[in-house]
Structure formats: structure tokens, C-alpha cells
2 protein chains.
Amino acid sequence: MDGKPIDAFDKAFELAARLSEAMRQALTERGLTERRAEVIYLLARAGALVQRDLAEALGCSPRHVTGLIDTLQQDGLVKRTPHPADRRAVHVVLTEPGAETARWMTRHRHDSARTILGDLPATDLAAFTRVADRILGHVTQAKRENRS
Amino acid sequence: MDGKPIDAFDKAFELAARLSEAMRQALTERGLTERRAEVIYLLARAGALVQRDLAEALGCSPRHVTGLIDTLQQDGLVKRTPHPADRRAVHVVLTEPGAETARWMTRHRHDSARTILGDLPATDLAAFTRVADRILGHVTQAKRENRS
DNA sequence: GTACATAGTGAAGTAGCTTCACTATATTTG
DNA sequence: CAAATATAGTGAAGCTACTTCACTATGTAC
């Protein structure tokens with residue numbers, strides 16, 4: 001066994017559940033939630049974002065972004081700065097502690113990957129990625145179908 | 001690329017996010033949530049369960065199980081029956097519609113697996129499972145460490 | 001049979017999220 | 001350029017999934 005589709009499929013779901021639980025736990029120790037971490041990740045990548053774009057990227061309502069940024073700002077991880085061209089909009093940028101958190105996230109991700117998967121053959125990892133991509137292709141396809 | 005640990009690791013997280021989203025969506029169309037589906041799955045497997053054991057299996061508070069069973073009962077998927085030996089406890093069992101829902105879940109799972117992964121070589125699926133197991137081993141280990 | 005543990009539930013509260021209504025500013029258009 | 005319309009953000013209110021705490025009813029142990 002373990003070469004059958006259903007086994008791999010079930011394994012993927014188990015992985016999904018445990019991984020997000022583990023992630024949640026690691027983030028909690030740093031005083032973060034998945035959502036807040038996502039904001040930090042997006043800001044680290046983009047440099048600065050308007051709340052509207054954050055809502056788009058996060059797939060949540062603009063109203064909720066307000067709250068997210070509120071608490072992130074209270075925690076000193078981001079700051080609201082005036083948008084250079086649009087006085088309605090708010091530029092959200094990482095503070096230095098926020099940027100350090102982003103670096104920690106990256107470091108942690110790479111370290112975990114190396115620790116957990118470092119000694120597996122590249123062929124296994126490549127096969128894993130192939131199967132994962134196949135599943136991803138189908139779930140994102142389904143998503144688009146529902147959107148139209 | 002794609003043979004590197006970090007790529008597989010990131011892929012696993014993307015898989016986790018998309019898969020639970022896809023799951024949530026499929027369940028919504030049947031009027032279920034992940035939690036309610038989990039209850040149905042557990043009941044289908046065990047035959048009957050006391051709410052206390054459900055709370056244990058779900059990893060949530062007994063109080064929350066009360067609410068979960070309330071709505072599931074309103075929807076006609078489960079029923080509360082007196083526990084044969086303990087008058088404090090409640091035996092929760094699936095109704096016929098509940099059992100049918102459980103069968104639908106199983107069918108849907110198998111069909112999806114076949115559709116999505118059916119034509120991939122068994123060696124890829126086996127490699128996928130190996131990598132998934134490696135990750136699972138680490139996250140559950142971490143969980144136990146934190147527990148002690 | 002008194003003391004203590006356990007199963008379930010009401011009441012109240014938290015976190016994450018939504019919609020709706022409103023203000024302030026931008027953009028379009030006649 | 002003035003009027004109409006669209007857009008960025010936020011307050012208010014509300015929903016869902018969950019928790020803890022206090023309480024009742026029952027079971028178990030000494």
C-alpha cells in the first residue's frame with residue numbers, strides 16, 4: 001500500500017491539518033496568528049501596501065484589515081504612514097521589529113525545512129512536489145470554476 | 001529546483017491552505033462545516049459515542065460538543081439516545097440521513113482521489129507519502145514536546 | 001451514606017470575521 | 001469647473017466557532 005491514490009490523498013489532508021496546527025502553535029509563541037503573520041509576510045515582500053490591497057491579497061474584507069493593522073500597530077510591528085499620492089489611503093509599512101519578525105519567519109521556515117526534509121533524496125522531494133502540484137492544480141481549478 | 005527541501009516544505013504549506021479551503025467549500029455545499037463533518041466521520045466509525053469522547057476526539061471543550069450536537073440534531077443528522085449504563089451520559093448516534101452523509105463523504109473522498117491522482121505513477125505517490133510522513137513525524141513530535 | 005469525580009448544559013465572554021452606513025477624498029463627465 | 005460617482009478607511013452591529021465557569025444530575029469510593 002501507500003502507492004494508491006486514496007492513501008496519498010488522505011495523507012495530504014492529514015498533512016494539511018497537522019501543518020496548520022503546528023504553524024499556529026509556532027506563531028503563537030511569537031505572539032502572532034496566521035493572519036497577522038500573513039500580513040507581515042506580504043508587507044515584507046511588497047515593502048508597503050495600502051489596506052485595500054492587503055484585503056485583496058488576504059481575501060478578507062477591507063474592514064477586517066483595519067482591525068488587523070490596529071493590533072499589529074499596537075504591537076509595534078507595523079505603522080500607518082500617509083500615502084504619498086492619495087490622501088484617502090494609508091500606506092502600511094513594517095517597523096524594524098516587524099521586519100525582524102519577517103526575517104525570523106523566513107529563517108524558521110528554512111531551518112524547519114532543512115531539519116525535517118534535509119536528508120531525504122531529491123527524487124522523493126521532486127515526486128512530492130509533483131503530487132502536490134497535481135492536487136493544487138485541481139483545487140485551484142475548482143475554485144475558478146466556482147468563481148465564474 | 002523542486003528537489004530542495006524548502007520547495008517541498010513550502011509546497012506542503014500551500015497544499016495545507018488550499019486543501020482545507022477546498023474541503024470547506026465542498027462541505028458547505030452539503031450544509032456542513034469541517035467540524036460537523038468530523039463529528040459525522042467519528043460517529044460513522046465508532047457507531048455511537050458519548051459527548052465526552054467526542055470532545056476528546058475533536059480536541060475541543062465538552063461544552064462545545066453540546067452545541068455541535070444541538071445543530072446536527074436539528075438538521076436531523078444525529079440523535080441523542082439514553083446511554084444504556086450511565087444515566088448522566090448521552091449516546092450520540094447517526095440517523096439514516098447522517099449515515100448517508102457519511103457514505104457521501106467516503107464516496108466523495110475516493111472519487112476525488114481517483115480523479116486527481118489516478119494517473120500518477122505509484123512510485124510518485126509512495127514518495128509523496130514518505131515525505132508527508134516525515135513532516136508528520138516532526139510536527140507530532142513537536143506537539144508531544146510542548147505537551148510535557 | 002457522605003465525599004468526591006464525572007457528563008452534560010446555561011450563561012457569559014473572546015477572537016475572527018462580515019455587512020452596512022458614513023466620512024473624506026479622488027475621478028469622471030457633461 | 002461643478003455635479004455625479006467611485007474609492008479608502010472606519011464605527012456599529014452582528015455572526016460563528018470556540019472557551020471558561022458555575023450548576024445539576026448522576027455515578028463511584030471509602
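A note on names: the letters A, B, ... follow the listed sequences, proteins ahead of strands, and every chain is numbered from 1. What's counted below: heavy atoms across the whole structure, side chains too, no hydrogens, waters or symmetry copies.
Regarding I69(A), its CD1 atom lies at a distance of 15 Å from the P atom of dA8(D), rounded to whole Å. For the pair L68(B) CG and dA7(C) C1', the computed distance is 17 Å after rounding to whole Å. Atom-to-atom, CZ of R24(A) to P of dC18(D) comes out at 11 Å; the value is rounded to the nearest Å. Distance E34(A) CD to dA15(C) C1': 14 Å, rounded to the nearest Å. The interatomic distance linking H83(A) (NE2) with dT25(C) (P) rounds to 15 Å, in whole Å. In this structure, CG of D70(B) is placed 14 Å from P of dT16(D), rounded to the nearest angstrom. Rounded to whole Å, atom C1' of dT26(D) lies 15 Å from atom CZ of R52(B). Distance CG (L32(A)) to C1' (dA15(C)): 15 Å, rounded to an integer number of Å.
Here dT18(C) is the nucleotide among dA25(D), dA8(D), dT18(C) with the atom lying nearest to any side-chain atom of R63(A). Distances from the side chain of T33(B) to the nucleotides dA8(D), dA7(C), dA17(D) place dA17(D) closest. The side chain of C60(A) lies closest to dT18(C), out of dG8(C), dT10(D), dT18(C). Nearest nucleotide to the S61(A) side chain, out of dG27(D), dT19(C), dA8(D): dT19(C). Closest to the R87(B) side chain, of the nucleotides dA12(D), dT26(D), dG16(C), is dT26(D). For H64(A), counting side-chain heavy atoms from C-beta on, the closest listed nucleotide (dA8(D), dT10(D), dG16(C)) is dG16(C).
Across all strands, V65(B) comes closer than 4.0 Å to no nucleic acid atom at all (heavy-atom distances).
Below 30°, between 30° and 60°, or above 60°: for H108(A) and W104(A) the angle between ring planes is between 30° and 60°, a tilted geometry.
Taking side-chain N and O atoms only, R80(A) has a distance below 4.0 Å to OP1 or OP2 of dT10(D). A sub-4.0 Å separation between OP1 or OP2 of dA26(C) and a side-chain N or O of R88(A) is absent. An OP1 or OP2 oxygen of dC17(C) is reached within less than 4.0 angstrom by a side-chain nitrogen or oxygen of R35(A). The side chain of T66(A) contributes no N or O atom lying less than 4.0 Å from OP1 or OP2 of dG9(D).
The residues R107(A) and E100(A) are annotated as salt-bridged, a charged nitrogen and a carboxylate oxygen being separated by less than 4.0 angstrom. A salt bridge between R18(B) and E14(B) is present, with a side-chain N of the basic residue lying under 4.0 Å from a carboxylate O of the acidic one. With salt bridges taken as basic N to acidic carboxylate O contacts below 4.0 Å, none links R114(B) and D119(B).
With the nearest nucleotide of DNA chain C identified for both A85(A) and G59(A), G59(A) has the one nearer the 5' end.
Residue D70(A) is tested with R80(A), K79(A), R63(A) for a salt bridge (charged side-chain N to carboxylate O under 4.0 Å, His left out); the sole match is R80(A).
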